[in-house]
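Since the structure comes first, as structure tokens, the remarks are kept for the end.
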Amino acid sequence: MVSTPDGHQAGSATHDVTNQAPPLTPYDASDDTALLEGLRREGAGWAEEDLRRLGRQAGSTQVREWADLANRHEPELRTHDRYGNRVDEVEFHPSWHHLMRTAVAEGLAASPWADDRPGAHVARTAGGLVWGHTEAGHGCPTSMTYAAVPALRTQPELAKIYEPLLTSREYDPVLREPTEKRGLLAGMGMTEKQGGSDVRTNTTTATPTAEPGVYTLRGHKWFTSAPMCDVFLVLAQAPGGLSCFLVPRVLPDGTRNTFRIQRLKDKLGNRSNASSEPEFDGTVAWLVGPEGQGVKTIIEMVNCTRLDCVMMSAALMRTTLVEAGHHARHRSAFGARLVDQPLMRNVLADLALESEAATTLTLRLAGAADRAIRGDEGEAAFRRIATAVGKYWVTKRGPAFTAEALECLGGNGYVEDSGMPRHYREAPLLSIWEGSGNVNALDVLRALSREPGTAEALFGELDLARGADARLDGAVTRLRADLSEASQTTARRLVEQMALTLQASLLVRHAPPAVADAFCATRLGGDWGHAFGTLPRTAGLDAIVERALPGGGTGAGAG
């Protein structure tokens with residue numbers, strides 16, 4: 001091959017790669033100071049060693065490849081076998097099963113319900129924040145399995161059979177009679193085409209059989225995720241009103257229950273996970289909870305899945321922040337690395353504030369859930385309102401956050417190979433599932449009007465930071481005044497105020513001064529623009545970025 005005067009071989013010089021960030025992997029997804037501090041603070045410090053091990057695995061090259069393959073090779077519906085028999089099975093790429101097997105084994109499904117240690121539910125949430133660095137789709141079946149247990153406990157005879165299998169750490173994907181399996185996964189079928197979140201308008205009917213507690217269902221569900229699960233909690237209209245039922249895919253005698261999957265949804269994101277429209281026609285189901293109490297039966301389940309939506313949004317924020325910071329450390333423009341340029345540093349610091357606030361709130365909600373489950377009534381009241389507040393706000397911030405983090409990579413972030421487009425497509429989902437923004441805002445109003453103790457619990461939490469920051473004190477005073485004029489029209493504004501004051505109070509109490517001061521100055525004090533990267537010149541950008549990015553905020557080899 002001919003060499004050019006400058007020594008390059010002809011035909012290869014244009015292929016030299018310079019000024020590009022090296023691969024992020026392998027990295028430690030648990031290398032997050034705010035996460036580890038929150039884990040200890042909320043009573044699960046005993047899980048730190050396992051969390052760090054999981055973090056290294058989540059950031060490994062192999063697991064990142066699993067995540068990519070599970071999304072490139074989407075699930076496929078097989079309605080019939082070669083002989084024409086109805087089978088209604090969904091086939092997944094092996095990488096999906098690798099991710100699921102790890103998640104279940106690491107206790108990210110329902111195993112905390114079988115763990116008596118205080119902080120078990122916090123440890124699971126922290127694990128989700130770390131394992132969420134992989135991909136979000138397989139978090140859906142693990143979340144629903146986790147949430148199904150408290151609902152199932154309203155029917156002790158069913159819980160006795162199914163709970164030990166739902167809380168198992170064994171992933172057993174083969175479809176067969178549930179009690180013959182090593183572990184089970186649970187799905188949910190609530191929404192229908194005519195109502196969506198308004199589940200009381202469901203038209204699926206439940207007809208009692210001669211056997212007590214056993215019904216047959218007839219109807220069509222509009223959005224049932226993870227149809228490959230073993231059992232489903234389903235809402236249907238019984239003679240006594242809207243009720244909750246357990247529907248197994250395979251009946252106790254080993255025959256297939258009628259669960260006709262009409263199609264899989266073609267979704268914006270979450271594409272590794274199958275979401276479906278199943279049809280019930282003579283489908284055998286067992287009553288869970290009293291007839292007519294379907295919504296009451298599933299309310300604890302909703303608390304669990306809403307927390308997981310907050311968790312996954314916080315995980316997406318952290319993941320994309322790490323990606324953006326890694327790129328900025330290694331990419332140079334206009335004579336300096338991006339991370340050292342003041343304007344990019346402002347953007348990264350602003351994103352870091354949002355991410356830490358989301359992570360800290362998520363772990364506080366997990367702590368409240370753990371203590372409420374163990375009988376703490378004050379924490380139960382706080383959880384009731386704060387989970388809806390967090391679900392509204394953190395998931396709302398996700399899309400704007402991921403878009404800004406993607407932009408930090410420029411055109412590199414807009415191509416699929418970077419992984420950022422997948423994160424961006426995922427972000428809006430978490431605000432939609434388990435009640436959209438309006439549904440959660442209205443739920444906050446409902447809690448305030450029907451459960452007065454929830455407001456007292458929220459302000460009790462806020463008062464723990466009283467006197468530490470004048471801007472926070474002023475925000476709490478305004479919030480108290482605004483509660484007296486709460487209405488549907490202003491519900492979103494009110495819930496936003498609640499979320500920001502709650503996040504600020506947590507940061508004032510637990511974060512370094514630079515983080516707390518910048519958050520209060522911008523989110524409460526108004527010294528902020530309308531986009532990320534508009535922190536005031538007085539903000540301690542260096543301290544914020546150093547705290548947020550793995551290995552510190554500077555250094556060409558960091559990351």
Side-chain angles (χ1 to χ4, degrees), residues 30-48 51-52 118-119 121-123 125-126 128-130 307 310-311 313-315 317-318 321 349-372 376 378-379 382-383 385-387 389-390 393-394 397 457-473 475-476 479 498-525 535 539-550 552-553:
S30 70
D31 187 4
D32 179 355
T33 303
L35 167 67
L36 296 174
E37 289 177 354
L39 178 78
R40 301 168 195 138
R41 186 169 58 246
E42 297 298 338
W46 49 266
E48 184 170 336
L51 188 70
R52 288 180 178 274
H121 296 269
V122 176
T125 298
L129 287 167
V130 167
L307 173 58
V310 181
M311 173 190 77
S313 287
M317 289 182 187
R318 178 64 189 174
L321 172 62
D350 212 351
L351 292 174
L353 291 179
E354 197 75 30
S355 177
E356 177 157 353
T359 295
T360 303
L361 177 57
T362 299
L363 290 168
R364 176 65 184 94
L365 296 177
D370 192 87
R371 291 181 281 275
D376 189 320
E379 287 290 82
F382 174 76
R383 176 199 188 195
I385 192 168
T387 300
V389 167
W393 183 243
V394 175
R397 299 298 288 157
L458 177 64
F459 282 106
E461 179 77 15
L462 298 177
D463 284 345
L464 294 175
R466 184 189 299 171
D469 188 285
R471 294 158 299 194
L472 175 57
D473 290 344
V476 173
L479 181 59
M498 289 180 173
L500 291 173
T501 52
L502 180 54
Q503 287 182 320
S505 71
L506 290 169
L507 295 180
V508 164
R509 290 161 53 201
H510 305 303
V515 172
D517 180 71
F519 191 91
C520 289
T522 53
R523 277 65 170 175
L524 300 182
L535 297 179
L541 302 184
D542 290 347
I544 295 169
V545 173
E546 292 283 342
R547 174 176 170 82
L549 298 186

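- In this structure, the side chains of Val310 and Thr387 stay at 4.5 Å or more apart for every pair of heavy atoms.
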*asked:* Go through it in stages, so that I can follow the logic: the residues are Arg41 and Leu363, the test is side chain to side chain contact (heavy atoms under 4.5 Å, CB included), and I'd like the CA-CA distance, side-chain angles, deciding distance and then a yes or no.
replied: CA-CA 9 Å; Arg41 186 169 58 246; Leu363 290 168; 5.7 Å; no
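- Across all their heavy atoms, Val508 and Cys520 have their closest contact at CG2-SG, 3.7 Å.
- Side-chain atoms of Arg364 and Phe382, non-hydrogen and from C-beta on, do get closer than 4.5 Å to each other.
- Heavy-atom minimum distance, Glu37 versus His510: OE1-O, 4.1 Å.
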_side chain to side chain contact (heavy atoms under 4.5 Å, CB included) for Thr522 and Arg471? Distances and angles first, verdict last._
CA-CA 10 Å; Thr522 53; Arg471 294 158 299 194; over 6 Å; no
*Applying side chain to side chain contact (heavy atoms under 4.5 Å, CB included), run through Leu500 and Phe519 and close with a yes or a no.*
CA-CA 9 Å; Leu500 291 173; Phe519 191 91; 4.2 Å; yes
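- For Thr362 against Met311, the heavy-atom pair with the smallest separation is CG2-CA, 3.7 Å.
- Annotation for Arg466: atom CZ does not count as buried by contact number, only 12 or fewer foreign heavy atoms lying within 6.0 Å.
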*asked:* Show, in sequence, the C-alpha distance, side-chain angles and deciding distance for Leu549 and Leu321, and conclude whether the side chain to side chain contact (heavy atoms under 4.5 Å, CB included) test is met.
replied: CA-CA 8 Å; Leu549 298 186; Leu321 172 62; 4.3 Å; yes
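- Considering only heavy atoms from C-beta on, Leu479 comes within 4.5 Å of Leu462 through its side chain.
- With rounding to the nearest 0.5 angstrom, the CZ atom of Phe459 is 11.0 Å from the CG atom of Leu502.
- Side-chain contact between Arg318 and Leu129 is absent, with no heavy-atom pair separated by less than 4.5 Å.
- Counting heavy atoms from C-beta outward, Arg52 and Val130 have side chains that stay 4.5 Å or more apart.
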*Under the salt bridge (charged side-chain N to carboxylate O under 4.0 Å, His left out) criterion, do Asp370 and Arg383 qualify, and how do the steps go?*
CA-CA 10 Å; Asp370 192 87; Arg383 176 199 188 195; over 6 Å; no
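- The two atoms that bring Ile385 and Leu458 nearest to each other are CG2-CB, 4.2 Å, heavy atoms only.
- Taking the side-chain hydrogen bond (donor to acceptor under 3.5 Å, both in side chains) definition, one finds that Arg397 meets it with Glu354, sequence neighbours left out.
- For the atom pair CD (Glu461) and OG1 (Thr501), the distance works out to 10.5 Å, reported to the nearest 0.5 Å.
- Going from atom CG of Leu541 over to atom CG of Asp350 covers 9.0 Å, rounded to the nearest 0.5 Å.
- Nearest heavy atoms, Ile544 versus Ala349: CG2-O, 3.5 Å.
- With sequence neighbours left out, Asp473 forms a side-chain hydrogen bond (donor to acceptor under 3.5 Å, both in side chains) with no residue at all.
- By the 4.5 Å heavy-atom criterion applied to side chains, Leu35 and Leu51 are counted as neighbours.
- Between Leu39 and Ala123, the shortest heavy-atom distance links the atoms CD1-CA, 4.4 Å.
- The closest side-chain heavy-atom distance from Val394 to Gln503 is below 4.5 Å.
- Taking CD of Glu356 as the reference point, atom OG1 of Thr33 lies at 8.0 Å (rounded to 0.5 Å).
- With contacts defined as side-chain heavy-atom distances shorter than 4.5 Å, the pair Arg523/Leu353 qualifies.
- Under a 3.5 Å cut-off, the side chain of Trp46 and the backbone N or O of Pro118 do form a donor-acceptor pair.
- Going from atom CD of Glu379 over to atom CG of Leu365 covers 10.0 Å, rounded to the nearest 0.5 Å.
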